Structure formats: C-alpha cells, structure tokens
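Fair warning: this is a prediction, and the values are worked out from it, not measured in the lab. Per chain, numbering begins at 1; letters A, B, ... match sequence-line order.
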Amino acid sequence: MEIDFKKIESKWQKNWENKKIFEVKQQSKKKKFYILEMFPYPSGSGLHMGHAFNYVIGDICARFKRMKGFNVLYPMGYDSLGLPAENAAIKVGISPKKYTENSIENFIRQQKSLGLSYDWSRMLKTSDSSYYKWDQWIFLKMYEKGLAYRKKAPVNWCPQCNTVLANEQVHNGKCWRHENTEVQIKNLEQWFFKITDYAEELNDNLDNLNNWPDEVKSMQKHWIGKSSGVEILFEINGEKWPIFTTRPDTIYGVTFMVISAQHSKLNNLVTAEQKEEVDNFLKKIKTTSKKDLGNLEKEGVFTGSYAKNPINGDEIPIWIGNFVVADYGSGMVMAVPAHDFRDFEFAKKYNISIKEVIKGGNVKEKAYVEKGTLINSGNFNGLESEKAKEEIIKYLNKKNLGKKATQYKLRDWLISRQRYWGTPIPIIYCEKCGVVPVPEKDLPIELPDKVEFGKGNPLETNEKWIKIKCPKCRGIAKRETDTMDTFVNSSWYFLRYCDSKNQKKIFDERKVRYWMPIDQYIGGKEHACMHLIYFRFYTKFLRDLGLLNFNEPVLNLFNQGMLHGEDGSVMSKSKGNVILPEEVSEKYGIDTARFFLVSMASPDKDIDWSEKGISGAFRFIKRVMEYFNKVKIGKADTRIESKINKCILEIEENISNFKYNLAVIKLRELFDALPLKTSKNILENFLKLLHPFCPHITEELWHKLGNKNFINLQKWPIANKKKIKEIFEKQDLAIDKLIGDINNILKLVENKKKIYVYILPKDKEIYDINLINQRFSKKINLFLVNDKNKYDPLNISKKAKLQRPAIYLE
RNA sequence: GCAGGGGUGCUGGAGUGGUCAAACAGGACAGCCUCAAGAGCUGUUGGCUUAGUGCCUACGAAGGUUCGAAUCCUUUCCCCUGCACCA
C-alpha cells in the first residue's frame, strides 16, 4: 500500500491552523499549563534535526497535556538579534534585517511542517522594535535602580578591523577575517548589569528548584561560586588592601601575593626597577586572546613592592599573575604555596619559598590542601584548622585587620556589544549633563537602516543617528553606540508571550500572573549556566519592580540531549554535518521522523544522528496504517482490554517523565497485541496514545473511524485498573518460554513432527491451547499430566513441573 | 586547566545491588511466502555444552566493598557540554 504522507500532513496542518485549535486564552475552567522550548536563533542555514528534536520533545508534551485537560500555552518566537546576521552583512553584503527576515520565514515554514502545535498568534521576534523597546525599558529601570553601570573591561580587539571581536571570531589568537593579525586585549568603557546584587538569592533559591536536573543546579552553584571566608587587610605602601581568603588558618604560610594583571591599581605597585620587566609581561599577556587566557600556564613577574602580613609583620613580595581574576575578591590573593596547588606551582616556577603551616603532607613535593594541625603559626600552633580559622578571625577582628566575608565567583554581566544587530542601549552622552538616560516616552530607540559594515562599530558610521539633543538641556549630545548582549532579549521573552501584542506595557500583569511560572521548560544543557541564570536574575529584578509575584521563572526544567551530526560533533553548516528534517520526512513522512527521533534513546541523552534505524519506525507507521485499513469493528476481548489499560498507565507515566523512548516501546507492544477484530473504543484509545508522537496519521485515522472533531482535543484515556488482569501477562511469558523450549529441542533433534506437551493441573489456566496455537505455527497436543487418555509412550509427562511443562516429540 | 555529564552486545541504546547473556529497534543469518524482487511472517544472533540443562567469558581499563556488581567506592584512559562577546 502506498501512503501519501505529504498529503495527510499538509491536510491536517492546514486544518489545525484554520480552526485555530492551538490558540489559547486565559480561562478558569481548566488548569493552565505553560510549556516552552528555548526559542531559537533563526540561523540562515535553517532549522536542522537538532532543533526538530527539541521541538518534537516539547510538542509531545504539549499535546499530551492538552489531552489531559490542561489549558496549554505553547508559544514560539525568535531570538533574532545576534552576530550571524551581522557577519552575513560583512561577508555577503545582505542587510541583517533582510537576512533575519528570510531566516525567520524559513524557520516558520519548517516548524509548521513538523506538525508542532504552537499558538502562532503569540509569536514574537526580538528584532522587532515593538519587542526590544521593552529591553530598553528594562535597561532604564536597571539604571534607575543603580543596577546598570559603566566600567572598563577588557575586550578582544582587531587592529585591522578596528573593532571588537567576539570570542568566536578569534581563531588561535588571530582575527577571523585577518589570519595574520594578532588579536589584542583592549580596555573599553562598557555597560554592566549588577547581577552580583542577586548572587545570594540566585544561589540559595537553587535549593527550592526541586524539579530542575541536579546537574544544572550543581553547575549553577559552581558558576555562582559562593564561598565564605575572611577579608584580611594587608598593608601595602601605607595603604590597606582587603584580601579575600577561605583559608585564614594558613596566614602564617603566606610567602607572596599575586595581583591580577588587569588590576586597575596595578601601576601603583610597580617600582621603577621592575617597570621594564612588568611592561614586557603585560605586553605578552595582551597579545593573547581572551579565550586562551584561561588555558595559560601560570606566569608572573615581580612588581617590586611588598605587603605587610598583618599577623606577624612579615614583608611579602607582590607578584603579578596571569591566573588571578581582577573581578574576584579584590583582584589580589595571598599565596600559600605549601597549601594551595596553584600557589605551589607558581612558587616552584619562580623559586619562591614554601612555608609549611599545616601538618600532614610533604610540602616540598606537593601542596597539602587538607585541613590539619597548625605549626609555625605563633600563638595558634597546635590548633586544628577549623578552630584556628575562628581564633584567627577573632584576633584580626579585634585589631580591625579583618572580618568575615562572602565572595561569589559570579561576575557582573557585561552587556555592552560594539555591534549593530542588537538592542541599542538607551543612553545619551551630553557634553554638559554627562550620562543621560533616554526618557521612556522616546522609546524605542530604533536601529537605523543606514550603517556601514566591516569598519568598526557600525552604529558609529551613521552620524545622523548619533547626533541628538540632550533630553535634559537640549544641548549637543551623542547616542550610545553600543548595543546590548542578546542574552538580554532572551531573559524575559517568556513573559511577553503571555501578552505579546501589548503596545502600552511590557505586559499585562494579570495575564502574566495567570500563565506564569512556566510549568515546563525544555532546552539544551549548553544553557545551564548563562541563559538559565540570566533569566532567573531578570525574573527577580522584575519581581522587585513589583511586576511579578513569583521568584523563579520555571518550575520544571528538562534538558534534552544534544543531537550531534553523524560524525559525532555539533551540527553546523561549517562542519557540513547538518541533517534537515525535510530531507528525512520527504522519504518517510514527518510522523516517522518524530517517532524515530524520540525512540532512538532517552531524550536527555546526547546522540549522534544516524538514519540507520529509521526503517524500523517507518515499518511501524506503515503497519499501523495498514492495520486500520483491514481491522473489523466488533467486541473487544478481555485480553486486549487488559493490555490497553495497562499500557495507558505505563505510557502516561513514561511521557510524564520524558521517557519517550520507553513509551514508544509500550506503544509497539500494544500494537502487536491488537487483534484483527476489536471494538472502536480500543482503536480510538490506541490512536490517542499514539497521537502525541504521530499527530498527522492519528488524526487521519481518527477521522477514518468516523470522528468529526480533532483528536488532540479529546480526553486522554483513563485506565480502568479493574480490567488489568495479570494472568494474561503470565500466560504470555509462560507460553513464550514454552515455544522457546520447543524450538530449542526441535533444533537438537531431527525429523520430529508431532509435539506433545504435558502440564500440571495447576497450570491449566496459563497454558491455553487456543492461545498457544495462535502464537505457534506447528500443531501442539496438550495434555494434563493426570489425563488418563493422554498419549505418552515414554512416560515423559512425569517430568512436568510448575510452569515448566514436559515436552515430547516424535 | 576548571566545572558538569557519559563510556553496555555487530550497531543505536534500555537497564543504577540479585528476577541480566541484558528490554526495544537496526543489521546479519536461516526458513516460509512469491515466477521473481521487495514487503510480510517465523526463528537464530557471546562461547562451549544439553531433549528444553549446565558452565565459562562479558557492560572502557585496573583494583576494592559485598553472600552477590553493568549498577556502589578508588585510581586511570577516552568522549561530550560549558567556561562569561555564538546563541
């Protein structure tokens, strides 16, 4: 039978769209369920199988929840600002706007062909000024609250392009467009969001996110990096410098200090004699790209200055190091080589003395980082680390030389981008008034069309756009030409879906209150730290503005695995390993592709794409179609009733836990058990169970059964536990085993035609002769062992045991 | 380098203390059907052995815990993801 999948697919896709069955409104009768996939950046190379995997996972969940009776909000939108559009402008000369519009159009077409049940009426694009207006509005609020501020920060700089480079535009320390140009580090004045103000809450609330994967929470904990310690004041050139440490118990072991190479006050410490050496070192660091900084071998140089150890007055040399982070703590660390690996490595390299202050290891060979008993520590000798920490803090506290402190690794969020295709930062620089925020009524600040690409920051090339009157004094002023990081756009889009057309406000609070928080968020693990922290931060900020009445944006998080190309690496155009869903559905139909995608493995696992196994899914879909062609409607037997009721429970459970691969197995089992004549109800229920996975063919077959409504708007079947009879399963197992045994014997002995099976009376119920005949092609003579008329020439029947019948062949 | 996750049969993968030589699917092989191909159906698919049994070897590698390990612990190798200007 030839099946025209294309025809079936487009018929129902059109039907669903025309009837608007997936559009939802706020209502009180049903419980709401908000399900969301991380929205895509609409790349020019189109939607690939990896995207499809993400959306199919969500769509299965959405369709399932709808059938379970929820009022399901399932929207889609486009994170359409970003670097690739600008790169296309530089390389091919197409305008970012045009490029983006084309890409989005293409994405929508592709997504619709996957049969995804989105409420398209709520669609949004972050590149629309009606959207990014509110990004600018939030920026103004941040600024108002003192959470947006400017400071200098290092960036990758290409002297040829005369512009800042993204990390991904730096290849082996060279510019992506100029292979021979070394990328430099330059310090620019840039905008930051003070996310660190929320560090504590971002950290502590993780414990309440019970339905987030532990991996993500643990990664976020490490990313936020809360540590409790002490701030100790070291005196340098008469000035007190607070130094953070988690190990005050090792303070007697400090033999040097290390200051970050990016530290703003570094110059104050460099002495005349050391200046040349330091300059050379800094120059060397500057020619290494930012990306490589973290991978460098620890290196440093002496500044010439000394710090005074507050506890014993020792003079300690201060070094510059490439491994100290300028933003963490005070940008300088006390180094205890005897009890810290990094300090040890550094001390060995530069021949700095190592002083043991905790007993237990051999510090000449290796740093001893465990806790232990203090030695060489003056009055604190003999104390255990924990006790010593307390005592030392107490002592320093009394002398006003130190206090308890909490530090976070989390850094403030640098949002400035020297790029065009982003949200313009709504700030004006006035010659007289300085930094002036754009008045709310002037929003949005739209991106000008006329700019030049490839020559530095594009916005700087449109003078007309830059020049503006100061909103305060009407004097000469300039616009900020930096745009915002696109993570800004994706930090609150889920709120906008609740009220995506609102012209007057960022959103109607009542609508947001109804739909939020997101009940199920689905996306890749690669977002574990950045996006998934930023959007939590935004949620908390908007809550503090009084706009939201909850603390966390997402209740349940599911991280789907990465779908790699056949070569095992991430799908990308440049690698040439992109698999397009349409190519697969062309051959097998989209329902087959959907079914196959989720049956390959548990959806949270990384998988390499391979079309190898798809024929199994294709065969299944075709068999289902063929079966519905020939099945006769009649009465359902108790066996299939039992099976389907059990499957309802299992499939529901598996879908709820995102164990789609296991649900698929159950669906196959159930299908294999369907008899050629059964009730309409059984057939309908089977279709309902299959529907989330294969929406098109199930809709087709649903209508073929004579239904006029849509299957996705039907109720998910309710299992009748009373109809589940364990005996059937016992029978299946026992009979499978029996057939296996018979086959086994048939293999061993030749030329036997007649098969005799002897069972114990207790097993009579299990070994049903009709059932055995159904399953086994050869004729079987079944006897009870106590049957006087049985044929048993060798008296084999006495070997029969419980659920292990005796078998005789002749 | 740091952080998080993972390595299972010919392949993709289920399986997190006994019911495991390991679900399900693919592939391969054999048989049936057919003029034939395909599809479909039935069976086999770690090794040896046996009238349906028993034994051995196996879940990256090496050790350990346990009456018992694919599953727990330690060490080690390899792979994936992220590391703050890709999104």
Original post:
Closest to the A/Glu526 side chain: B/U81, B/G43, B/G4?
Top reply: B/U81

Original post:
Would the A/Phe139 and A/Trp191 ring centres measure less than 6.0 Å apart?
Top reply: yes

Original post:
Hey, which of these two, A/Lys409 or A/Asp79, hits RNA chain B nearer its 5' end, going by closest nucleotide?
Top reply: A/Lys409

Subject >> Mate of B/U44 where both pairing distances stay under 3.5 Å, Watson-Crick or G-U >> reply: B/A28

Subject >> Among B/C86, B/G15, B/A84, the one nearest A/Lys659 by side-chain distance >> reply: B/G15

Original post:
Does A/His527 make a side-chain N or O approach to OP1 or OP2 of B/A87 shorter than 4.0 Å?
Top reply: no

**OP:** For A/Leu165 and for A/Arg623, find the nucleotide of RNA chain B with the closest heavy atom, then tell me which residue's nucleotide is more 5'.
**Re:** A/Arg623

Original post:
Over how many whole Å does the gap from A/Ile90 atom CD1 to B/C86 atom C1' extend?
Top reply: 14 Å

Subject >> Complementary nucleotide for B/A69 - Watson-Crick or wobble, under 3.5 Å >> reply: none

Subject >> Near-ring test A/Trp223/A/Tyr408, centroid separation under 6.0 angstrom >> reply: no

Original post:
What is the base-pairing partner of B/U16, counting Watson-Crick and G-U wobble geometry with both distances under 3.5 Å?
Top reply: none

Original post:
In chain order, what residues pass the side-chain contact (heavy atoms from CB on, under 4.5 Å) check against A/Ala806, with sequence neighbours excluded?
Top reply: A/Tyr758, A/Ile796, A/Lys799, A/Ala800

**OP:** State yes or no: are the ring centers of A/Phe535 and A/Tyr521 separated by less than 6.0 Å?
**Re:** yes

Original post:
Is the closest side-chain donor-acceptor distance between A/Asp79 and A/Asn489 under 3.5 Å?
Top reply: no

**OP:** To the nearest Å, give me how far apart NZ (A/Lys525) and C1' (B/G6) are.
**Re:** 9 Å

Original post:
Should A/Arg668 and A/Asp672 count as an ion pair when the cut-off is N to O under 4.0 Å?
Top reply: no

Subject >> Close aromatic pair by centroid cut-off 6.0 Å: A/Phe671 and A/Phe620 >> reply: yes

Show me the protein contacts with nucleotides 51-56 of chain B, counting only N or O atoms at under 3.5 Å.
{"from": "B/A51", "atom 1": "N6", "to": "A/Leu809", "atom 2": "O", "distance (Å)": "3.3"}
{"from": "B/A51", "atom 1": "N1", "to": "A/Leu809", "atom 2": "N", "distance (Å)": "3.1"}
{"from": "B/G52", "atom 1": "O2'", "to": "A/Asp741", "atom 2": "OD1", "distance (Å)": "2.4"}
{"from": "B/G52", "atom 1": "O6", "to": "A/Ile807", "atom 2": "N", "distance (Å)": "3.3"}
{"from": "B/G52", "atom 1": "N1", "to": "A/Pro805", "atom 2": "O", "distance (Å)": "2.7"}
{"from": "B/G52", "atom 1": "N2", "to": "A/Asp741", "atom 2": "OD2", "distance (Å)": "3.1"}
{"from": "B/G52", "atom 1": "N2", "to": "A/Pro805", "atom 2": "O", "distance (Å)": "3.0"}
{"from": "B/G52", "atom 1": "N3", "to": "A/Asp741", "atom 2": "OD2", "distance (Å)": "3.2"}
{"from": "B/U53", "atom 1": "OP1", "to": "A/Arg804", "atom 2": "NH1", "distance (Å)": "2.9"}
{"from": "B/U53", "atom 1": "OP1", "to": "A/Arg804", "atom 2": "NH2", "distance (Å)": "2.9"}

Subject >> For B/C2, the Watson-Crick or wobble partner whose two distances fall under 3.5 Å >> reply: B/G82

Original post:
Are A/Phe596 and A/Trp609 close enough that their ring centres sit under 6.0 Å apart?
Top reply: yes

**OP:** Ignoring backbone atoms, test whether A/Lys605 places a side-chain nitrogen or oxygen under 4.0 Å from the OP1 or OP2 oxygen of B/A14.
**Re:** yes

Below 3.5 Å between N/O atoms, which protein atoms pair up with nucleotides 17-27 of chain B? Just atom names and distances, please.
{"from": "B/G26", "atom 1": "OP1", "to": "A/Arg619", "atom 2": "NE", "distance (Å)": "3.4"}
{"from": "B/G26", "atom 1": "OP1", "to": "A/Arg619", "atom 2": "NH2", "distance (Å)": "2.6"}
{"from": "B/G26", "atom 1": "O2'", "to": "A/Lys612", "atom 2": "O", "distance (Å)": "3.3"}
{"from": "B/G27", "atom 1": "OP2", "to": "A/Arg619", "atom 2": "NH2", "distance (Å)": "3.4"}

**OP:** Quickly work out the A/Met562 CE to B/U81 P distance and round it to whole Å.
**Re:** 6 Å

**OP:** Please say whether more than 12 non-hydrogen atoms of neighbouring residues, nucleotides or ligands are located less than 6.0 Å from CZ in A/Arg177.
**Re:** yes

**OP:** Both distances under 3.5 Å, Watson-Crick or G-U wobble: report the partner of B/U74, or none.
**Re:** B/A62

**OP:** To the nearest Å, give me how far apart CG (A/Leu81) and P (B/A87) are.
**Re:** 9 Å

Original post:
Within 45 degrees of the axis of the six-membered ring of A/Phe192 and under 6.0 Å from its centre: does A/Lys151 put its NZ or CZ there?
Top reply: yes

**OP:** Tell me which nucleotide among B/A14, B/C80, B/A87 gets nearest to the side chain of A/Asp606.
**Re:** B/C80

Original post:
Which whole-number value in Å describes the distance from A/His531 NE2 to B/U81 P?
Top reply: 20 Å

Original post:
Among the nucleotides B/G4, B/A84, B/C85, which one has an atom lying closest to any side-chain atom of A/Glu215?
Top reply: B/G4

Original post:
For B/A84, does OP1 or OP2 lie under 4.0 Å from any side-chain N or O of A/Arg411?
Top reply: no

Original post:
Which one, B/C85, B/A3, B/C83, comes nearest to the side chain of A/Met219?
Top reply: B/A3

